[in-house]
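Keep in mind that this is a model prediction, so the values were computed, not measured. For this chain, numbers begin at 1 and follow the sequence in order.
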Amino acid sequence: MAHLQIHYLYMRSFFPETPKSIDVRNASQYYYNQMKKYWLSASLYDKGLMSLILSRTQNTETAQDILNSLKETSVVSDELGSYWKQNEPSWFWHQAPIETQALLIEAFSEINEDTKTIDELKIWLLKNKQTNKWNTTKATASAIYSLLLQGSNWLGETEMLNIKIGGKPLSESMLKNTAKEVGTGYFKTSWDENHIAPEMATVEIEKTSDGIVWGGLYWQYFEDLDKITSAETPLSLHKKLFLKTNTDTSEVLTEIRSKNKIKIGDLIRVRIEIKVDRAMEFIHMKDMRASGFEPVNVLSHYKWQDGLGYYESTKDASTNFFFDFLPKGIYVFEYDLRANNSGNFSNGITTIQCMYAPEFSSHSEGTRLKIGL
């Protein structure tokens, strides 16, 4: 079935009492039968439309079969809620992830009134907005409609969280002058260095009411670059350096560790592996390098690699990577450096951060390198 035919029947399903000509009735019945026969091969968005159409035209058995299939093929995650792997961005107007998720929330709400499943689907919408922009007014309107009118009323929850930091409850005195955002309940508080203790790294959050909650804890301090240890979030990276040598048959890469000695003139291959468990937009990765290295490629330009587009910019002390969109997956980036100065150097760290959601950031560990004559 064509997408326009399904959309036409979806529109007509809102007006069941409107008179139809004999030709329209016959054509509609033909397409109802086609839906019942071929719904398995339809896209996610079309399945949502079909289930609503069939339910409103008293074909409840097939409508329920579609929802059961959708539920069985969905992915349920404690972090991301319920979603479908095939619900990915596309150039087609009938394959839009936000509108698709919103429509499926509508289907589960109208046909099943399955509050638990609906709330799981709503979690995915919120987590998607955390790291991505909603590109169109249509997507935004659909998402807001689904969040406000379907499932549990999360905005009606006013109960304060029970928060313990370092085993001690977050005192009301610290929050009394903190303005809470209307609707979301968002608030922020901070401590100066004189009040910070190591045990404050342990935070306990208890929520006794319905709905979800998330937050971030930032601990800022100064440290020598070569003493920094790695830190990971759902956006993580790993960096390795390799000594690159050419033989008669192939290129050989030997991993460089802190005790290895590099010679002036050696060619070094930098390899950075990024892992991301959800789609994110507006990512910046900064790869610092030792002052004893010089980049082989000094031209900044846009690149395309393994289906991922990004801009690579070479600076005096680092190489920067800018991503407009980073889909879920694992990505490997490599570039070459030349050892041109002898000495004992800090190689710095590599940092990556989602500029849209700064709480998603990671960095590699700091290392030292020896370059000899």
For this session: Report whether Y30 and L9 are members of the same hydrophobic cluster (ILVMFWY, side-chain heavy atoms less than 4.5 Å apart, transitive linking).
Result: yes
Problem set entry | Backbone N/O of K244 and side chain of R269: donor-acceptor pair under 3.5 Å | no
Exercise. Is the gap between the ring centers of H7 and Y45 under 6.0 Å?
Worked result: yes
For this session: Compare every heavy atom of A143 with every heavy atom of A102, then report the nearest pair and how far apart it is.
Result: CB-N, 4.2 Å
Seminar exercise, completed: Here the pair of heavy atoms bringing H195 nearest to M200 is O-SD, 3.3 Å
Exercise. Is N87 reaching over with its side chain to a backbone N or O of P97, donor-acceptor style, under 3.5 angstrom?
Worked result: yes
Problem set entry | Pairwise distance CD(E359) to CD(Q130) - rounded to 0.5 angstrom | 5.0 Å
Seminar exercise, completed: What one should report as the nearest heavy-atom pair of N347 and L241 is ND2-CD1, 3.5 Å
For this session: Show the numbers, then the answer: is there a salt bridge (charged side-chain N to carboxylate O under 4.0 Å, His left out) between R56 and E110?
Result: CA-CA 10 Å; R56 294 168 182 173; E110 181 175 318; 2.8 Å; yes
Exercise. Please walk me through it: do L104 and W84 pass side chain to side chain contact (heavy atoms under 4.5 Å, CB included)?
Worked result: CA-CA 11 Å; L104 294 175; W84 288 266; 3.5 Å; yes
Exercise. Around atom OH of Y302, are there more than 12 heavy atoms of other residues, nucleotides or ligands at under 6.0 Å?
Worked result: yes
Problem set entry | Residues, nucleotides or ligands: over 12 heavy atoms within 6.0 Å of N246 CG | yes
Exercise. Donor-acceptor pair, E106 side chain versus S146 backbone, under 3.5 Å?
Worked result: no
Problem set entry | Residue pair F293 / V270, side-chain heavy-atom distance below 4.5 Å | no
Exercise. Regarding D23 and S21, is there a side-chain donor-to-acceptor distance under 3.5 Å anywhere?
Worked result: no
Problem set entry | Aromatic ring proximity, centroids under 6.0 angstrom, F333 and Y310 | yes
Problem set entry | K315 backbone acceptor or donor facing S318 side chain under 3.5 Å | no
For this session: Could you walk me through whether Q64 and N112 pass the side chain to side chain donor-acceptor pair (under 3.5 Å) test, one step at a time?
Result: CA-CA 8 Å; Q64 189 60 55; N112 266 4; 3.2 Å; yes
Exercise. Of T131, V276, D277, which is the lone residue that meets side-chain contact (heavy atoms from CB on, under 4.5 Å) with P234?
Worked result: D277
For this session: Work out which heavy atom in L308 is nearest to a heavy atom in F325; give both atom names and the distance.
Result: CD1-O, 3.4 Å
Exercise. What heavy-atom pair brings K303 and N297 nearest, and what distance separates the two atoms?
Worked result: NZ-ND2, 4.3 Å
For this session: Could I get the full list of side chain to side chain donor-acceptor pair (under 3.5 Å) partners for T117, not counting sequence neighbours?
Result: K71, D114
Exercise. In terms of the angle between their ring planes, are F14 and Y10 parallel, tilted or perpendicular, with boundaries placed at 30° and 60°?
Worked result: perpendicular
For this session: Hey, could you give me the CD1/CG distance between I330 and D306, rounded to the nearest 0.5 Å?
Result: 12.5 Å
Exercise. Can you check whether Q150's main-chain N or O pairs, donor with acceptor, with K122's side chain at less than 3.5 Å?
Worked result: yes
Exercise. Near K116 NZ, under 6.0 Å, is it more than 12 heavy atoms from other residues, nucleotides or ligands?
Worked result: no
For this session: Give a yes or no on this: more than 12 heavy atoms of other residues, nucleotides or ligands lie within 6.0 Å of atom OH of Y32.
Result: yes
For this session: Establish, for the pair K47 and W39, whether the NZ or CZ atom is under 6.0 angstrom from the six-membered ring centre and no further than 45 degrees off its axis.
Result: no
Exercise. Is there a donor-acceptor pair under 3.5 Å between the side chain of S69 and the backbone N or O of D65?
Worked result: no
Problem set entry | For V76, side-chain contact (heavy atoms from CB on, under 4.5 Å) partners two or more places apart | S74, S82, E120
For this session: For residues M285 and L237, report the shortest heavy-atom separation together with the two atoms involved.
Result: SD-CD2, 4.3 Å
Problem set entry | Distance, nearest 0.5 Å, that separates OG of S51 from CZ of F108 | 8.0 Å
Exercise. Side-chain contact, heavy-atom cut-off 4.5 Å: V75 with W124?
Worked result: no
For this session: Enter the distance from F322:CZ to E312:CD here, rounded to the nearest 0.5 Å.
Result: 10.5 Å
For this session: Taking atom types as modelled, find out whether K164 and N162 have a side-chain donor-acceptor pair closer than 3.5 angstrom.
Result: no
Problem set entry | ILVMFWY network linking L80 to I118, side-chain heavy atoms under 4.5 angstrom | yes
